[in-house]
Amino acid sequence: MNTIQNTLSGWGLWIALVGACLGTYFCRAIGVTLSQRINQDSEIFRWLAAVTYAMVAALTVRLIVMPLGLMATVPLWIRIFICILSVAVMMSKPTRRLVPALLTGTILMVSYGVIR
C-alpha cells in the first residue's frame, strides 16, 4: 500500500491534467460533430453553455481568491480592486471592451509588482 502511494504521489497532478484535457476535448469533439445538427435554442445547448460559463466563473473566482505563485503575494483587497476596475473598463465601452479591460488588469498588477 505504501509503495503505491509513493509511486502515485508525483503523478496526481498529471492524472488530473490528463483527465481535464480528456473531458474538455471530448466535449469539443461532440460539439464539432453535432454542430450542423444541433439547435442552438435547445435545452442541451443552453445547459452546455451554462456549465461552460459556470466553469469559467469558478476558475476566475478561484484565481482571484485563492491564487498560487506570485499572485498569492498580492493582498486580496488589491486583487479585488483591480478586478472591479477591469470590469468597469469593460462596461464603459460597449463596442471594444475585452482588450482594454485585460490591459488595465495586467498593467495594474505589473505596476503593483514593480512598486512593491
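The basis for the numbers below is simple: all heavy atoms, side chains too, and nothing from hydrogens, waters or symmetry mates.
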*asked:* Side-chain heavy atoms nearer than 4.5 Å, only ILVMFWY residues, links allowed to pass through others: does that put L68 and L70 together?
replied: no

Shortest non-hydrogen pair, I80 vs I64, comes out as CG1-CG2, 4.2 Å

Here the pair of heavy atoms bringing S92 nearest to V89 is OG-O, 2.7 Å

To the nearest 0.5 Å, atom CE of M55 lies from atom OG1 of T52 at 7.0 Å

According to a hydrophobic-cluster definition based on side-chain heavy atoms being under 4.5 Å apart (Ile, Leu, Val, Met, Phe, Trp, Tyr only), do M71 and I82 belong together?
yes

Worksheet item: Within a radius of less than 6.0 Å around CG of L17, do more than 12 heavy atoms belonging to other residues, nucleotides or ligands occur?
Response: yes

One should read off an interatomic distance between L48 CG and I30 CD1, to the nearest 0.5 angstrom, of 8.5 Å

- Query: Heavy-atom distance under 4.5 Å between the side chains of R79 and P67, does that happen here?
  - Reply: yes

field: Same apolar cluster (I L V M F W Y, side chains within < 4.5 Å links), I107/V74
entry: no

Here the gap from Y53 atom OH to T60 atom OG1, rounded to the nearest 0.5 Å, amounts to 12.5 Å

Under 4.5 Å between side-chain heavy atoms, counting indirect links through other Ile/Leu/Val/Met/Phe/Trp/Tyr residues: same cluster for I78 and L108 or not? yes

_Check: L103 main-chain N/O paired with T106 side-chain donor or acceptor under 3.5 Å_ = no

- Taking C-beta and beyond as the side chain, do P75 and Y112 meet within less than 4.5 Å on heavy atoms? yes

### Query
Out of curiosity, does M109 fall in the hydrophobic cluster containing L63 (side-chain heavy atoms, cut-off under 4.5 Å, transitive links)?
yes

